[in-house]
2 protein chains.
Amino acid sequence: MDAWKEFEQNPISHSAAHHIVAIKELLDEYGYARVSDVARLLEITRGSASITLKGLKGRGLVTEDDRRFLGLSKTGEHVARSVIAKKTILKKFFIDALGVEEHQADIDTCKIEHLVSSETAERVAQFLRFLDSGDPSSEHFRKALAEFDEPCSGDTSSCPCCAEACLVKELGDDELGS
Amino acid sequence: MDAWKEFEQNPISHSAAHHIVAIKELLDEYGYARVSDVARLLEITRGSASITLKGLKGRGLVTEDDRRFLGLSKTGEHVARSVIAKKTILKKFFIDALGVEEHQADIDTCKIEHLVSSETAERVAQFLRFLDSGDPSSEHFRKALAEFDEPCSGDTSSCPCCAEACLVKELGDDELGS
DNA sequence: CTGAAGTGTTTGGGATATAAAACACTGGCG
DNA sequence: CGCCAGTGTTTTATATCCCAAACACTTCAG
């Protein structure tokens, strides 16, 4: 009677999320998805894709018909839509609200899309809805933010960028992996 | 003459980032950090911590004195400060700007703190500085955002929350792992 | 039909991340 | 002094993720 424990914890890894989203994108774009197509899209070998997809099939997220065409189960479809929605929301937020350059926004979004909680994603979406609502205060805000270019004061007590100290200046491009 | 390649790519994994930050926190709080202390803080076994830290010592991020007390090299210190700054900025952003509940903000922050680029983190910090700047438009914005409670319209063409469709509604709490 | 191209799987290997357990060292208490 | 708790390492094992390479199967052009 402890089956719910294993069932409840359905952690989808970064890799699994990408495989599932790849299948959805292939289905939407070409109408079919095979192991090789997923591998090509993700730029990994067929062998790797085969093994990962075997696991996803075993977990009931990915389906396969008699001609080896892949599909998504109801759960898999849900995961795909969830991840894609988060990706879309975050990218829009980075670019439209924060003014991050598109390429960098893509990189950041890809890394965190499957990690952000639904609650937080919905908050970001709410934020974007407000920004686009046409409410005068959001318009003013947009303009003022775009013009605002004050660097961090460096004063620990007043610097709002972080509580510890003005550490932002030290943020190098020490790209932290995975 | 290709040494720069291996040298240039210094990807710090999620795990490595946590180990390094743990050392910094222990040093700040207790004045020393040993393998066991790190393991306790991260709630992993001494064995696991020992092996991970061996790797970090080998990569020149973590130091160890003759009495087995751990420290951080200049690079390690830099990584620690960078990750902590990102963590601080993101958490503040989630809570102050988005209104995410603190516990959830902690979870989300922990997952993405080491993944967000310096560029994006700095943009978020800039955003926070503006919010706290006292600029009237930011004050108005704050208030209006707090009161704004319009759900997603569900209309694909006008819904700002995502370009594809109003997928946010489908965001379940299917916690995606790692 | 035959061979080449494409597809899917398996095998063997490497890397990371973690645990459990066994082992060795250290330091203090009685 | 001797023992035990605490500490650090190594070994053995699991799990994910990936690649390269070999193998088997299918399909299609000629």
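Values in this document were obtained by computation on a predicted structure and should not be read as measured data. The analysis underlying the following values was restricted to heavy atoms, covering all of them including side chains, and did not include hydrogens, waters or symmetry mates. Residue numbers start from 1 in every chain, and the chains themselves are labelled A, B, ... in the order their sequence lines are given, proteins ahead of strands.
For B/R40, the side chain to side chain contact (heavy atoms under 4.5 Å, CB included) test picks out B/R34, B/S36, B/D37, with sequence neighbours left out. The side chain to side chain donor-acceptor pair (under 3.5 Å) test applied to B/E64 returns B/K57, not counting sequence neighbours. In terms of the ring pair (Phe, Tyr, Trp, His ring centres under 6.0 Å) criterion, B/H140 has no residue partners (sequence neighbours excluded). Not counting sequence neighbours, the partners of A/S48 by the side chain to side chain donor-acceptor pair (under 3.5 Å) test are A/T45.
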Distance-only check: which donor-acceptor pairs under 3.5 Å involve side-chain atoms of residues 67-74 of chain A, not counting sequence neighbours?
from	atom 1	to	atom 2	distance (Å)
A/S73	OG	A/G60	O	2.7
A/S73	OG	A/L61	O	3.3
A/S73	OG	A/T75	N	3.4
A/S73	OG	A/G76	N	3.1

B/S/- contact track for nucleotides 7-19 of chain D, protein heavy atom under 4.0 Å: BBBBB-----SSB

